Amino acid sequence: MAKKRSIEEPYWEPLPRQRTSMQQTVTITVRNLIPVACVLFFGGSALEFLLLSVFSLAITIACIGVNGVAVSTKIEEANASTANAFARWILLIFVGLFIGLLLTVLFGWVIAVFASFGKKGIFTPTLLWSALAIAVSAVAELYRQYKADRHSGLGETLRKQRDQPIVLGHVLSAGLIFIMSGELLNMGRIGILVMTIAVTALFIFRDLRPDLMRELVRPRNKPPKSK
């Protein structure tokens with residue numbers, strides 16, 4: 001029993017502060033700014049902001065799973081041809097996009113129903129182009145994380161222990177968006193702008209400081225370490 005506990009222990013150990021590169025910081029920031037930019041500069045509605053935020057969360061969760069598969073299968077093996085590796089990457093990206101869309105429907109179907117009754121409908125050009133930009137930035141981050149994990153030497157168990165609290169944090173964020181949906185619909189334009197900017201800042205902080213999010217989702221009734 002003690003051995004089993006020692007294997008599970010890293011899941012709840014404090015995560016060291018992540019030192020992000022400039023490229024990673026820019027990618028994370030841009031992906032989170034797309035929904036609020038849709039509202040600020042392109043006349044997007046509160047519902048479009050909510051749907052894009054849900055899609056961003058969903059595709060991020062999907063990319064975490066795709067990254068795990070990519071690292072485990074070692075797509076870029078020395079004996080694999082460039083064409084074969086490229087084809088496998090394309091397949092995984094489409095699988096990740098499909099899973100992201102499924103999670104978007106799961107988390108945001110109520111918001112989508114309300115949006116469908118709007119004057120412009122649900123699939124507006126602004127929404128579609130913004131969703132495409134989010135997907136591109138997510139794929140770029142997926143490949144960066146894949147390269148980092150390939151050279152980190154982390155085993156599958158440790159990667160899962162690292163990623164599970166992050167996924168839970170994103171699920172909690174989806175819950176926050178769901179709760180916000182009722183409030184945003186009753187706000188005026190100024191209130192919507194203030195709320196979207198505040199939520200965007202929170203999400204950027206969450207992604208740049210995953211160590212703090214890990215502490216937030218850590219169960220408080222965890223037994224102390226055995227000596």
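Note that this is a predicted model, so its numbers are computed, not measured. The chain is numbered in sequence order, starting from 1.
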[X] versus [Y], closest heavy-atom pair with distance:
{"X": "L142", "Y": "C63", "value": "CD1-O, 3.4 Å"}
{"X": "A62", "Y": "G96", "value": "CB-O, 3.3 Å"}
{"X": "C38", "Y": "E48", "value": "SG-OE1, 4.1 Å"}

Note, [X] side chain near [Y] side chain (heavy atom, < 4.5 Å):
{"X": "Q145", "Y": "V71", "result": "no"}
{"X": "V171", "Y": "I61", "result": "yes"}
{"X": "L106", "Y": "L102", "result": "no"}
{"X": "L33", "Y": "I204", "result": "yes"}
{"X": "L101", "Y": "F55", "result": "yes"}

[X] side, atom [atom1]; [Y] side, atom [atom2] - distance, nearest 0.5 Å:
{"X": "K147", "Y": "N67", "atom1": "NZ", "atom2": "CG", "result": "12.0 Å"}
{"X": "N32", "Y": "F205", "atom1": "CG", "atom2": "CZ", "result": "13.0 Å"}
{"X": "T196", "Y": "L52", "atom1": "OG1", "atom2": "CG", "result": "11.5 Å"}
{"X": "L57", "Y": "F203", "atom1": "CG", "atom2": "CZ", "result": "5.5 Å"}
{"X": "I99", "Y": "I59", "atom1": "CD1", "atom2": "CD1", "result": "10.5 Å"}
{"X": "M22", "Y": "T27", "atom1": "CE", "atom2": "OG1", "result": "11.5 Å"}

Ring centroid separation W129 to F42 under 6.0 Å = no
May I ask you to check whether F94 and W89 place their ring centers less than 6.0 Å from one another?
-> no
Return a table of donor-acceptor pairs under 3.5 angstrom between the side chains of residues 130-140 and protein atoms on other chains or two or more places apart.
unit_1 : atom_1 : unit_2 : atom_2 : d
S130   : OG     : T126   : O      : 2.7
S137   : OG     : A133   : O      : 3.3
S137   : OG     : I134   : O      : 2.8

Take V66 and I93, measure what side-chain contact (heavy atoms from CB on, under 4.5 Å) needs, and give me the verdict at the end.
-> CA-CA 8 Å; V66 168; I93 288 173; over 6 Å; no
Check step by step if side-chain contact (heavy atoms from CB on, under 4.5 Å) holds for F49 and T200.
-> CA-CA 10 Å; F49 169 80; T200 300; 3.8 Å; yes
Got a donor-acceptor contact below 3.5 angstrom from the T29 side chain to the V26 backbone?
-> no
Where do H170 and D207 land on the side-chain contact (heavy atoms from CB on, under 4.5 Å) test, with the steps shown first?
-> CA-CA 9 Å; H170 282 74; D207 290 345; 3.7 Å; yes
Following the transitive rule for hydrophobic clusters with a side-chain heavy-atom cut-off under 4.5 Å over Ile, Leu, Val, Met, Phe, Trp and Tyr, establish whether V167 and F98 coincide in one cluster.
-> no
